[in-house]
Amino acid sequence: MPDQVKIRALDSFEEFMTLLDIQRTVWNHGESDLTPVHQFTISSRMGGILLGAFVGKRLAGFVYSFPALLDGVECQHSHLLAVLPEFQGTGLGKALKWAQRAEALKRGYGLITWTFDPLQTRNANLNLQSLAAVSRTYLGNFYGMTPSLCLGPGIPTDRLLIEWPIRDARVRKVAAGKVKRPCYDTAALPKALERKSGEEGSFAPPGRLRLNLEADTVLVEIPRDVKALAFRCDLIAQWQAGLRRAMSRYFGRAYAAVHFIYGDRSFYVLKKNGRR
Ligand SMILES: CC(C)(COP(=O)(O)OP(=O)(O)OC[C@H]1O[C@@H](n2cnc3c(N)ncnc32)[C@H](O)[C@@H]1OP(=O)(O)O)[C@@H](O)C(=O)NCCC(=O)NCCS
């Protein structure tokens, strides 16, 4: 992490205005897709958590959540997490999430939720591996065909709903740096979805789905770098359709996504009766 990083609550109009610039830079959003200043103002007054990461005097990233309910359980729903490109990969994103957790714990919450595009391996790695969050809910085309949120023209905005049980023993251990990354024998474990047999490289299409596996641990592959497929929307659509069917099916059979393996080949790790 860069020297002189300070994470603190944001509470001024000027800081909220800076969040618009960060959103424009990080997501390339048009004006109508930005979360507006009045939303930050009212949320930070009415129970939301809005934290900024400052490198020196510069606001380099932020995380924003608001009070919500999941199946009747009070939680914070984290709607935005962004780090300016020049600071990405330096630990700020993770630091913001741990600071968000600390603040939520202080306010008595046991759960933080958020959604993300399940074809984004970096985010899957952050959420399921580095933060020890889990998912058991697949949301097909959740935000509709909002072009700025789609991976490409005509690609639905599928999302995984993440649950981060922030008092959970595993999360506490990860927070304390006491958990080693689990090792999985990816060659041996059964796969509900993987690249087509005989195909290799970034442009491999998905193979046949296996929706009735009975093993306790099942892998679901996704392409390592969906951005590399920007000009192959046909492949993005095929992988998304496979992922949607595989995840929905196994979540419906009491599996949960509890880990992510990021590597030359990347996999969700689904476990039967995976914890919330
Ligand atoms: C996602 C984002 C907030 C992460 O912040 P960051 O400061 O870049 O990430 P960090 O350096 O803190 O890394 C956190 C974790 O992300 C994952 N990660 C980061 N860079 C990665 C990369 N190049 N490849 C794979 N995983 C990566 C890792 O799990 C890493 O944890 P680790 O260090 O324990 O392996 C930031 O990259 C960003 O703003 N991206 C664009 C907006 C976005 O996707 N927001 C989140 C929507 S859910």
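In listed order, ligands and their atoms are each counted from 1.
- Every atom of ligand 1 is numbered from 1 in the order shown, and the set under 4.0 Å from a heavy atom of Arg181 is 32 (P), 34 (O), 35 (O).
- Between Arg195 and Pro206, the closest side-chain pair of non-hydrogen atoms is not below 4.5 Å.
- Using a 4.5 Å heavy-atom threshold, the side chains of Met145 and Pro153 count as separate.
- Within a 6.0 Å sphere centred on CD of Glu86, other residues, nucleotides and ligands contribute more than 12 heavy atoms.
- Taking every non-hydrogen atom of Ser130 and a distance limit under 4.0 Å, the qualifying atoms of ligand 1 come out as 28 (C), 29 (O), 30 (C), 31 (O), 32 (P), 34 (O), 35 (O).
- Note on ring orientation: taking the six-membered ring where Trp is involved, the planes of His29 and Trp27 are parallel (angle under 30°, cut-offs 30° and 60°).
- Less than 4.0 angstrom separates some heavy atom of Asn123 from each of these atoms of ligand 1: 1 (C), 44 (O), 46 (C), 47 (C), 48 (S).
- For ligand 1, the polar-atom distance check against Leu81 finds a nitrogen or oxygen pair separated by under 3.5 Å.
- In Leu96, neither the side chain nor the backbone holds a heavy atom less than 4.0 Å from any atom of ligand 1.
- Under a cut-off of 6.0 angstrom, the local environment of CZ in Arg245 is sparse, with at most 12 non-hydrogen atoms contributed by other residues, nucleotides or ligands.
- Shown here is Met17, whose CE atom has no more than 12 heavy atoms of other residues, nucleotides or ligands within 6.0 Å.
- At the top of the distance list for atom 39 (O) of ligand 1, counting protein heavy atoms only, stands Val83 N, 2.8 Å.
- In this structure, Phe62 and Phe40 have perpendicular ring planes: the angle between them is above 60°, well past the 30° mark.
- Relative ring orientation between Trp114 and Trp164 is described as perpendicular, the plane-to-plane angle rising above 60° on a 0-90° scale split at 30° and 60°.
- Within ligand 1, the atoms closer than 4.0 Å to a non-hydrogen atom of Gly91 are 10 (P), 11 (O), 12 (O), numbered from 1 in the order shown.
- Summary of contacts: the protein heavy atom closest to atom 16 (O) of ligand 1 is Leu126 CB, 3.4 Å.
- The protein heavy atom nearest to atom 24 (N) of ligand 1 is Tyr262 OH, 3.3 Å.
- Counting atoms of ligand 1 from 1 in the listed order, those under 4.0 Å from a heavy atom of Gly93 are 5 (O), 6 (P), 7 (O), 12 (O).
- Going from atom CZ of Phe16 over to atom CD of Gln39 covers 11.0 Å, rounded to the nearest 0.5 Å.
- Between Ala95 and ligand 1, a contact under 3.5 Å exists for no N or O pair.
- In this structure, Arg122 has a heavy atom closer than 4.0 Å to ligand 1.
- Checking atom 2 (C) of ligand 1 against the protein gives no heavy-atom contact under 4.0 Å.
- Of the protein's heavy atoms, Gly89 N, 2.8 Å lies nearest to atom 8 (O) of ligand 1.
- The protein heavy atom nearest to atom 38 (C) of ligand 1 is Gln88 NE2, 3.5 Å.
- Ring geometry, Phe66 versus His77: the interplanar angle falls from 30° to 60°, so the pair is classed tilted.
- With respect to atom 28 (C) of ligand 1, the closest heavy atom belonging to the protein is Asn125 ND2, 3.5 Å.
- Taking a cut-off of under 4.0 Å to the non-hydrogen atoms of Phe116, the atoms of ligand 1 that pass are 48 (S).
- Atom 12 (O) of ligand 1 has its closest protein heavy atom at Lys94 N, 2.8 Å.
- In the vicinity of Ala82, heavy-atom distances shorter than 4.0 Å reach the ligand 1 atoms 39 (O).
- Just one residue in the list Tyr250, Tyr262, Phe251, Phe260 forms a ring-ring contact (aromatic ring centres under 6.0 Å, His included) with Tyr268, and that residue is Phe260.
- Clustering of Ile, Leu, Val, Met, Phe, Trp and Tyr by side-chain heavy atoms under 4.5 Å joins Leu69 with none of the others.
- Short contacts between ligand 1 and Val26, defined as distances under 4.0 Å to a heavy atom of the residue, involve ligand atoms 39 (O), 41 (C), 42 (C).
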